[in-house]
Every structure is written in C-alpha cells, then in structure tokens.
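Heavy-atom basis, side chains included; hydrogens, waters and symmetry copies ignored.
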Amino acid sequence: MKKQSGILNLLLVAVVAVVMVVYMVCRTIQPAVVLPVLNIPMLLTLSTLALILKACIAPETEYCWILAAVLAALTFALLPWVAGEAAGREVWLTGLWGGVTFAAAERIFASLGERVGSGRGGKVAMAATGICLILAGQCFAGILL
C-alpha cells in the first residue's frame, strides 16, 4: 500500500470540521445553548481523536511532524474563524496554541504508541492511550486560552 503522508492532517481537518458544523447547527437552532469553549483541553481532544483515527486507519504511514503541526495550526485558526467561533485576536491565539497542542500531543502519542504497540492489544490499546492523554490534558482548562 502506498504511504499516505497527509492522512493525519486530513483526519484532523475532518474532526475539526465536524465539530465546527455541530457548533454552527447548535447556534442556528438554539442560540442560547452553552457549547464547550475552544480552549487547550478541547484542542487536545480534537488532536487526540485525529491521532487515534490515524492509528486505527493507517498506522504505518510516515510524515513530518513539524509540517503536520504547522498545518494543524492553520486548521485550528481557519476552521473556527469560518464557523464564527473565533474572531480577531482569538483566531491567531487558537491557531498558535492549536499547533503547539497538536505537536505536543503527536509527540507524546507517538512515544506512547511505540511502547504500547510492542505488546498485544493493538488498536484498543491505542484508543485507551488516547483517552488517558485527553484526561491528562484536562489540567490545562482555563490556562492561556
């Protein structure tokens, strides 16, 4: 099978786009609804979901993690801006911290994946690792964003 180097960023765009569409539909149908804020735990959750999907769909792909982080920053800046969830200075802060969060999550997930992948469990172990990473990131609620 041909190695798809852009699958991770494609999955991240899909995950963020689905969440932004849900935000837009909720704001249209019920304007007073309280939705989760786009802060670091939410950005980490979206990043980790894309990483879990990549580990399940195409675990053997190789990519440049620096380029992936730059593209993730663009994704986290542009999609919330288009959906109307971020404006002005928030767009740049969300993009910056989204890229940093994605890079950190990707490096931690890759490191944990090498350790977990050596044993039995495969995809379920990667999903459990991702959930633990999401839960560990909850300590950043209300910090920087």
Side-chain angles (χ1 to χ4, degrees), residues 1-30 33-86 90-145:
M1 184 176 156
K2 197 164 114 179
K3 295 190 187 253
Q4 304 289 330
S5 62
I7 190 78
L8 178 59
N9 287 104
L10 184 64
L11 290 171
L12 180 66
V13 168
V15 167
V16 175
V18 166
V19 170
M20 290 300 116
V21 166
V22 169
Y23 273 40
M24 287 174 31
V25 168
C26 288
R27 294 263 187 232
T28 302
I29 293 174
Q30 183 67 340
V33 69
V34 178
L35 296 171
V37 181
L38 284 175
N39 55 7
I40 291 180
M42 182 67 166
L43 298 174
L44 180 65
T45 301
L46 296 174
S47 299
T48 306
L49 286 176
L51 289 166
I52 291 171
L53 286 173
K54 186 239 171 226
C56 292
I57 294 172
E60 70 280 347
T61 57
E62 296 177 7
Y63 54 90
C64 174
W65 66 272
I66 297 171
L67 180 62
V70 170
L71 292 174
L74 287 173
T75 300
F76 284 122
L78 295 177
L79 288 179
W81 175 66
V82 169
E85 292 299 318
E90 290 178 14
V91 172
W92 302 111
L93 284 175
T94 305
L96 172 71
W97 289 112
V100 169
T101 302
F102 179 81
E106 191 278 329
R107 291 286 81 203
I108 293 169
F109 194 81
S111 175
L112 292 172
E114 290 173 2
R115 287 165 178 77
V116 171
S118 63
R120 296 183 347 219
K123 295 177 183 173
V124 175
M126 294 305 288
T129 301
I131 291 170
C132 290
L133 184 61
I134 291 170
L135 292 175
Q138 294 300 314
C139 66
F140 292 106
I143 297 176
L144 301 172
L145 276 180

Compare all side-chain heavy atoms of [X] with those of [Y] and state whether any distance is below 4.5 angstrom.
{"X": "Ser47", "Y": "Phe109", "result": "no"}
{"X": "Leu12", "Y": "Leu8", "result": "no"}
{"X": "Lys54", "Y": "Thr61", "result": "yes"}
{"X": "Phe102", "Y": "Leu43", "result": "no"}
{"X": "Asn39", "Y": "Phe140", "result": "no"}
{"X": "Leu35", "Y": "Met42", "result": "no"}

Looking only at non-hydrogen atoms, find the nearest pair between [X] and [Y] and report the distance.
{"X": "Ala69", "Y": "Ala103", "value": "CB-CB, 3.7 Å"}
{"X": "Val33", "Y": "Cys26", "value": "CG1-O, 3.8 Å"}
{"X": "Pro80", "Y": "Thr94", "value": "CG-CG2, 4.5 Å"}
{"X": "Ala68", "Y": "Tyr63", "value": "CB-CD1, 4.3 Å"}
{"X": "Glu85", "Y": "Glu90", "value": "O-OE1, 3.8 Å"}

> side-chain contact (heavy atoms from CB on, under 4.5 Å) between Trp97 and Val100: does it pass, once the steps are laid out?
Replying inline: CA-CA 5 Å; Trp97 289 112; Val100 169; 4.2 Å; yes

Just verifying a value: how many Å separate [X] [atom1] and [Y] [atom2], rounded to the nearest 0.5 Å?
{"X": "Leu44", "Y": "Ile108", "atom1": "CG", "atom2": "CD1", "answer": "8.0 Å"}
{"X": "Leu10", "Y": "Leu71", "atom1": "CG", "atom2": "CG", "answer": "11.0 Å"}
{"X": "Leu53", "Y": "Ile7", "atom1": "CG", "atom2": "CD1", "answer": "9.5 Å"}

> Can you list the residues that meet the side-chain contact (heavy atoms from CB on, under 4.5 Å) rule with Trp92, with sequence neighbours excluded?
Replying inline: none

> Any donor and acceptor pair, going by atom type alone, linking the side chain of Tyr23 with main-chain N or O of Gly84 inside 3.5 Å?
Replying inline: no

> Can you name the one residue among Thr101, Ile134, Val15 that meets side-chain contact (heavy atoms from CB on, under 4.5 Å) with Thr45?
Replying inline: Ile134

>> Once side-chain hydrogen bond (donor to acceptor under 3.5 Å, both in side chains) is applied, do any residues pair with Ser111, and if so which ones, sequence neighbours excluded?
In response: Arg115

